[in-house]
Amino acid sequence: MKKQKNNIILFIAIFILGALTTIFFLNFHTVPDTYNVLWQKQEYETTFLKDGRVFSALFLHMGLRFNIQVQILDIISNLIALIANSTSVYIIYKIINSKEKNKIQKLIIFLGAFLIVFNPFAMEHLAYFETGLMCIGKLLCVLAAKELIIHKKTVIAVLLVSLSMLFYQGILHVFVITSLIFMFVQKSTKKDTIKNLIKMIILCAIAFITAFIVIKICNTILNTEDMRLEGNMINKKILYQIWMVFVYSLSITFNLSLPNFILITFTITLVFLLANKKYDEIIKYVLSIVTVVLSCVIPLFVTEVGSMSARTFSAIGGIIGFSIIVIGYTIEPNKKVNSALALIFAVSIFIINEMSYLLNGFWLYKSNQAEKEYGEAIKKQIIEYENKTNNVIRKVAIYIDKQPKETFNNYPINSFTIKTLYTIYGKEDFIRYYLNRDIEFVIRKKKHYEKFSANNWSEFNEEQIIFENDTAHICLY
């Protein structure tokens, strides 16, 4: 009973910490993709299915069938994400926590487990309407790693990791980094480690094939095509590109954290292990990090539509958690100075990560406020024109001024701050959503382009919209 009570307390603590970390992401919020769902609704189910995200399509379909507003579904999705992420942290910590470790080591290991899941790149998993489904997929990857490495149940692991692909294909690397963590903390022979690595690679291949098959089936049923079904042959050019992205990957931040945050964490961990003469651990650590990076990089080049993003590189963000776990496992309790330095390092990384979540969450909140005001201002001016002239706006052309700003309040540009009207995939549905009508987007006219490009606005101005019969020429600032 006491053990069960402690487990409940542990989960509640993780849940509360997760809620505090992601507090700005729990309410309804928008990023450019959200406007596609808000406007298209049932039609967007097809978009999910084309991508093979079966459960995202089902979630949206069931919500709309029961007349639940998209805004409410979004909040439900956010809460599902919090529960799934908290469960992932709980599972990882319970597996890697050891009775042999002292309190300082346990705390360091706990912070590492938390940062594996709530790392800066994984923040982007919280941006979208289907965030809850993405995080369930991540949880399935964690469970698959547990079954493969800890319980040695390969068949169950295959089923779990394959099922995760129906939620979101871009989280397979979560299975990789979690498996590597479990392998690192286990006292297994080199032979067992190699066997586990081979099994892990085979499972990744099976999951990848599963994703392609599901996408193929969905597109066949819908009579559509998806470029994810097209692949690239590995050649010298592709290998060179993989190498270049691999080298670059540890220094990227996607404007979600401090510059070189992951690279600095990786370097400090190496120095710590070297200073403590943990040579075997250094080899295991470096090989693990290389594997994690490759698990994110290689998929970019085996499909035609691969692109770097925080959400598809979240395992690289998880390197900060991996590094802290490695330090927690390798410090010697009798060396108090080392223990103190390790704790300071772990807590510092944790605080920096927390500040990244809160700061980006606040920017998201303020950007959403500003964008809503922007949309309402455009809507108000168009309605006034329609009431005055009896013309109905059915067409829109989009322009930019002399020095366009892609974010509000001069925030750094990332998935949470970019203006929807500056995105190819979101701007049209943004206008349609606020005008509550279908809109045709037309080619810009030279005379309006020259007039708009001569201005440099810092806020919305009525001169940014020129009306011509049923067409609104809108200039972005």
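Reckoned from all heavy atoms, side chains included, excluding hydrogens, waters and symmetry mates. Start at 1 with the first residue, then count along the sequence.
When all heavy atoms of Ile331 and Asn338 are compared, the closest pair comes out as CG2-O, 4.5 Å. In this structure, His29 and Phe24 approach most closely via the heavy-atom pair ND1-O, 4.4 Å. Counting all heavy atoms, side chain and backbone alike, Ile75 lies closest to Leu26 at CG2-O, 4.0 Å. Contact between Pro32 and Thr420 at its shortest, heavy atoms only, is CA-OG1, 3.7 Å. Minimum interatomic distance between Gly52 and Val214 (heavy atoms only, all atoms of both residues): O-CG1, 3.8 Å. Contact detail for Tyr357 and Met123: the closest heavy-atom pair is OH-N, 3.4 Å.
With contacts defined as side-chain heavy-atom distances shorter than 4.5 Å, the pair Leu10/Lys94 qualifies. The closest side-chain heavy-atom distance from Glu371 to Phe408 is below 4.5 Å. Taking the side chain as every heavy atom from C-beta outward, Lys405 and Asn456 approach each other to under 4.5 Å. Taking the side chain as every heavy atom from C-beta outward, Phe261 and Ser356 never approach each other to under 4.5 Å. Under the 4.5 Å side-chain criterion, counting only non-hydrogen atoms from C-beta, Leu197 is in contact with Met183. For the pair Phe322 and Ile181, the minimum side-chain heavy-atom distance is below 4.5 Å. Between Phe129 and Val37, some side-chain heavy-atom pair lies under the 4.5 Å cut-off. Side-chain contact between Ile150 and Gln186 is present, with heavy atoms from C-beta onward closer than 4.5 Å.
At distances below 3.5 Å, at least one donor-acceptor pair connects side-chain atoms of Gln169 with backbone N or O atoms of Met165. Between the side chain of Asn461 and the backbone N or O of Gln464, no donor-acceptor pair lies under 3.5 Å. The backbone N or O of Gly426 lies less than 3.5 Å from a partner atom in the side chain of Thr423, making a donor-acceptor pair. No side-chain donor-acceptor contact under 3.5 Å links Tyr35 to the backbone of Ile431. Here the side chain of Thr291 pairs a donor or acceptor atom with the backbone of Leu287 at under 3.5 angstrom. The main-chain N or O of Ala127 is never found under 3.5 Å from a side-chain atom of Thr131 such that the two would form a donor-acceptor pair. Without hydrogens or angle criteria, Asn78 side chain to Asp74 main chain gives a donor-acceptor distance under 3.5 Å. Counting only distance, with no hydrogens or angles, the side chain of Glu124 and the backbone of Leu256 share no donor-acceptor pair below 3.5 Å.
A side chain to side chain contact (heavy atoms under 4.5 Å, CB included) with Val117 holds for exactly one of Thr178, Ile14, Asn85; it is Asn85. Here the options are Ile268, Leu115, Leu111, the test is side chain to side chain contact (heavy atoms under 4.5 Å, CB included), and the partner is Ile349; only Leu115 passes.
Counted by atom type alone, His125 and Lys138 present one or more donor-acceptor pairs between their side chains at under 3.5 Å. For Tyr422 and Thr407, the side-chain atoms include no donor-acceptor pair closer than 3.5 Å. No side-chain N or O of Thr330 forms a donor-acceptor pair with one of Glu281 less than 3.5 Å apart. A donor and an acceptor atom, one from each side chain of Asn455 and Asp401, are nowhere located under 3.5 Å apart. Side-chain contact of Asn119 with Asn353: a donor-acceptor pair under 3.5 Å is absent, judged by distance alone. Using a 3.5 Å distance cut-off with no hydrogens or angles, the side chains of Ser309 and Thr312 do pair a donor with an acceptor. The closest side-chain donor-acceptor pair between Ser251 and Asn260, if any, does not fall under 3.5 angstrom. Residues Glu354 and Thr21 have side chains that bring a donor and an acceptor to within less than 3.5 angstrom of each other.
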Test log, rule side-chain contact (heavy atoms from CB on, under 4.5 Å), inputs His61 and Glu45
CA-CA 7 Å; His61 176 78; Glu45 294 173 21; 3.3 Å; yes
Please evaluate residues Asp429 and Leu38 with respect to the criterion side-chain contact (heavy atoms from CB on, under 4.5 Å), reporting the C-alpha separation (whole Å), side-chain torsions for both, the decisive distance (0.1 Å), and the verdict.
CA-CA 8 Å; Asp429 284 343; Leu38 284 168; over 6 Å; no
side-chain contact (heavy atoms from CB on, under 4.5 Å) for Leu140 and Val174? Distances and angles first, verdict last.
CA-CA 9 Å; Leu140 290 171; Val174 175; over 6 Å; no
Between Val176 and Leu203, is a side-chain contact (heavy atoms from CB on, under 4.5 Å) present by the stated rule, with each step listed?
CA-CA 10 Å; Val176 174; Leu203 258 68; over 6 Å; no
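Note on ring orientation: taking the six-membered ring where Trp is involved, the planes of Phe212 and Phe208 are tilted (angle from 30° to 60°). In this structure, Tyr90 and Phe11 have perpendicular ring planes: the angle between them is above 60°, well past the 30° mark. Aromatic ring pairs are classed by plane angle as parallel below 30°, tilted from 30° to 60° and perpendicular above 60°; the pair Phe430 and Tyr374 is tilted. Between Tyr365 and Phe362, the two ring planes are tilted [angle within 30° to 60°].
Geometric assessment of Lys146 against the ring of Phe182 yields a negative cation-pi assignment under the 6.0 Å and 45° thresholds. Cation-pi geometry between Lys284 and Phe184 is met: under 6.0 angstrom from the ring centre, within 45 degrees of the axis. A cation-pi arrangement is found for Lys419 relative to Tyr477, the charged atom lying closer than 6.0 Å to the ring centre and inside a 45° cone about the ring normal.
You'll find the ring centres of Phe313 and Phe121 outside the 6.0 Å limit. Phe55 and Phe59 have their aromatic ring centers separated by at least 6.0 angstrom. Between Trp363 and Phe416, a ring centre-to-centre spacing not shorter than 6.0 Å is recorded.
With a 6.0 Å radius and a threshold of 12 heavy atoms from other residues, nucleotides or ligands, Leu17 has its CG atom above the threshold. Summarising the local packing, NZ of Lys106 is surrounded by more than 12 heavy atoms from other residues, nucleotides or ligands at distances under 6.0 Å. For CE of Met355, the number of neighbouring non-hydrogen atoms (other residues, nucleotides, ligands) closer than 6.0 Å is 12 at most. Crowding of Phe441 atom CZ: a count of heavy atoms from other residues, nucleotides or ligands under 6.0 Å exceeding 12. Within a 6.0 Å sphere centred on CD1 of Ile9, heavy atoms belonging to other residues, nucleotides or ligands number more than 12.
Salt-bridge annotation for Glu130 and Arg53: present, with a side-chain N of the basic residue lying under 4.0 Å from a carboxylate O of the acidic one. The pair Glu428-Arg432 meets the salt-bridge criterion, since a charged nitrogen lies less than 4.0 angstrom from a carboxylate oxygen. Between Glu332 and Lys335 there is a salt bridge, since a side-chain N of the basic residue sits under 4.0 Å from a carboxylate O of the acidic one.
To the nearest 0.5 Å, atom CD1 of residue Ile72 and atom OG of residue Ser77 are 12.5 Å apart. Note that the CG atom of Asn368 and the OG1 atom of Thr30 stand 3.5 Å from one another [nearest 0.5 Å]. Atom-to-atom distance recorded for Ile149:CD1 and Ser188:OG is 8.5 Å, nearest 0.5 angstrom. Expressed to the nearest 0.5 Å, how far CD1 of Ile156 lies from CG of Leu160 amounts to 7.5 Å. Distance check: Ser348 OG to Leu343 CG gives 9.0 Å after rounding to the nearest 0.5 Å.
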